[in-house]
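In the text below, chain A, chain B and the rest are named by the order of the sequence lines, each starting its count at 1.
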Number of protein chains: 2
Amino acid sequence: MSSTPRTPRTAVGGRRHRVREEALAEILRTGRRLLVEEGPGAVTLRAIAREMGMTAPALYRYYAGHRELVQALTSSLYDELADALAAARDRHPAAGPGRQLREVCHELRAWALAHPREFGLLFAKPVADADTTPGTVAHDSGWRFGGVLLGLMVELWRKGGIRPPTGLDPSWAAQLEEVREHLSGAPVPLDVIYVFVACWTRLYGTVAVEVFGHLDFALTDPEPLFTHTVDEILAALGEPR
Amino acid sequence: MSSTPRTPRTAVGGRRHRVREEALAEILRTGRRLLVEEGPGAVTLRAIAREMGMTAPALYRYYAGHRELVQALTSSLYDELADALAAARDRHPAAGPGRQLREVCHELRAWALAHPREFGLLFAKPVADADTTPGTVAHDSGWRFGGVLLGLMVELWRKGGIRPPTGLDPSWAAQLEEVREHLSGAPVPLDVIYVFVACWTRLYGTVAVEVFGHLDFALTDPEPLFTHTVDEILAALGEPR
DNA sequence: TTAACGAGTTAACGGCGTTAACTTTCAGGC
DNA sequence: GCCTGAAAGTTAACGCCGTTAACTCGTTAA
């Protein structure tokens, strides 16, 4: 049995620690380049090591295996997407949550179209395919990403424009606690969260169906459809065009 | 160079032809079982051959390679899904296209939840990942599947309930010809096709986001959300609840 | 009857993830 | 200032994968 620790105890200030951080960053950089230039199938331990002038087993000093490396790459991409969305949100800080959410939606589509392979890695697969254990880092980064959308939706709810559908059987939504935990203490009612999820579903579907090419058969330019969908989403959140 | 023809010329009535057809069917059956029981990564030439008591190179008598085999599996799954949707459509033939489309939407979700791995193979990946050449059999089977939805939408359009959004810039939709070809001569206007695509996008997104587990964080039972979404889709097609 | 062909085999190549056993380099305590 | 131990990296190997080449065997059709 190998006695190598997963995360070696390098002094945080020391040189060794700095070199290790840079190696970790280069691994993710290389993996992403392979993902972008040659597709998800090319993100391979041996290929990454080759590009870095190393051999594959050396990567086990940094990640427990191929799956963990891809997981780390996924997390970093979630973070980057979250940053892009946050930047779009803060582009016009005084414009109000409606306008800001509109910007964020379009930024999501723009990011997906500019980085289709990355978007595919994040969203084009079952989040739990009997492999990825829940509660991982990817899960947290996913929350960072979704939090940008949720935060603006909460602001819109505070403005009072949301009219949740009446008569909804509240037989669902028991895990509200986790959502509320990530909403940092906003007592959002259940039916409003329902609206949030409905809007998120719609946004995701619109972007995914376009990026994954399932729309090529019908539309040459899906942009008007997207803008129209965002209009309807914002109308559902009490912010008509 | 190997001189083996891709599709040997076996007499269509003869015994040899029958045996070959059964072998082709068994390959797909085995591939699907591996997909369902062990995930997409287990659909392997060697594994399929092993299960069938053969060796991997023998499969090259039936498919040009791994990609073509998976493609054939994809097509057969599209066909099965199309059959399921058509059956749901014909369950209540006299109920009118609105009720029928409602049934079909719920059947789509039911099929996806009952066969998540298959659904993932069909929809959880870029349709053109620099590999799959367009115009293949999968493309045709995909049309068979989408045709069930499109057909009912056309019927709804004939009923006259659709109010397409006004003032849409028609800068999109040049490939209407291909859509019309598969609509078998129904002169559907552009803005109505726009409504079709918007509804299809919404339906796909709702099902996909649930099946791929991107909703687990918020909802324990997404069924009410789905029913509500179908209601809105049908309202957009002129068939309020 | 015989020649062609379909179906299947074995052997091999290169690439993959992963493990084991080894060497080298370097940081920190005596 | 040396020494020890851990971190970083190596080579070799195992079993998987897709794919190709060269071969055998049985059936079919002329």
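Per the geometry, CE belonging to M54(B) stands 15 Å off C1' belonging to dT10(C), to the nearest Å. To the nearest angstrom, P of dA13(D) lies 18 Å from OH of Y60(A). One interatomic measurement links the two molecules: CD of E38(A) to P of dG15(C), which rounds to 13 Å at whole-angstrom precision. Following rounding to the nearest Å, L69(B) (CG) and dG18(D) (P) show an atom-to-atom distance of 10 Å. If you take CZ of R67(A) and C1' of dG17(C), they are 12 Å apart, rounded to a whole angstrom. As rounded to whole Å, 11 Å separates atom P of dA7(C) from atom CD of E21(B). In this structure, the CG atom of L34(B) is 15 Å from the P atom of dC16(D), given to the nearest Å.
Of the residues near DNA chain C, L59(B) and T10(B), the one whose nearest nucleotide (by heavy atom distance) lies more toward the 5' end is T10(B).
By the salt bridge (Lys or Arg N to Asp or Glu O under 4.0 Å) test, R89(B) is found to be paired with no residue, residues two or more places apart in sequence or in another chain being considered. Remark: R29(A) pairs with E22(A) by the side chain to side chain donor-acceptor pair (under 3.5 Å) rule, at least two apart or across chains. Judged as a salt bridge (Lys or Arg N to Asp or Glu O under 4.0 Å), and not counting sequence neighbours, the contacts of E118(B) are R32(B). Remark: D90(B) pairs with no residue by the salt bridge (Lys or Arg N to Asp or Glu O under 4.0 Å) rule, at least two apart or across chains.
For dT9(C), one of the phosphate oxygens OP1 or OP2 lies less than 4.0 angstrom from a side-chain nitrogen or oxygen of T55(B). Contact annotation: Y62(B) does not reach the phosphate of dG6(C) (side-chain N/O to OP1 or OP2, under 4.0 Å). OP1 or OP2 of dA7(C) lies within a sub-4.0 Å distance of a side-chain N or O belonging to R20(B).
You'll find the side chain of V188(B) stays beyond 4.5 Å of the side chain of L150(B), heavy atoms only. Within the 4.5 Å cutoff, no side-chain heavy atoms of D140(A) are placed close to those of Y78(A). In this structure the side chain of T201(B) never reaches within 4.5 angstrom of the side chain of E210(A), judged on heavy atoms.
Across all strands shown, G14(B) has no heavy atoms under 4.0 Å from either base or sugar-phosphate atoms.
Taking only side-chain atoms of A56(B), from C-beta outward, the nucleotide of dA7(C), dT19(D), dA8(D) with the closest atom is dT19(D). Closest contact between the side chain of P57(A) and the listed nucleotides dA7(C), dT10(D), dG18(D) involves dT10(D).
Y204(B) has its ring centre no less than 6.0 Å from the ring centre of F212(A). Under the 6.0 Å cut-off for aromatic ring centres, W111(B) and F123(B) do not qualify, their centroids lying 6.0 Å or more apart.
Interface residues of residues 44-53 of chain A facing DNA chain C, ordered by number: T44(A), L45(A), R46(A), R50(A); criterion, heavy-atom separation under 4.0 Å.
The closest side-chain donor-acceptor pair between T227(A) and E223(A) falls under 3.5 angstrom.
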**Complete:** For nucleotides 25-30 of chain D, 5' to 3', base contacts (B), sugar-phosphate-only contacts (S) and non-contacts (-) with protein non-hydrogen atoms under 4.0 Å give -BBSS-
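A donor-acceptor contact under 3.5 angstrom links the side-chain atoms of R61(A) to the base of dG9(D).
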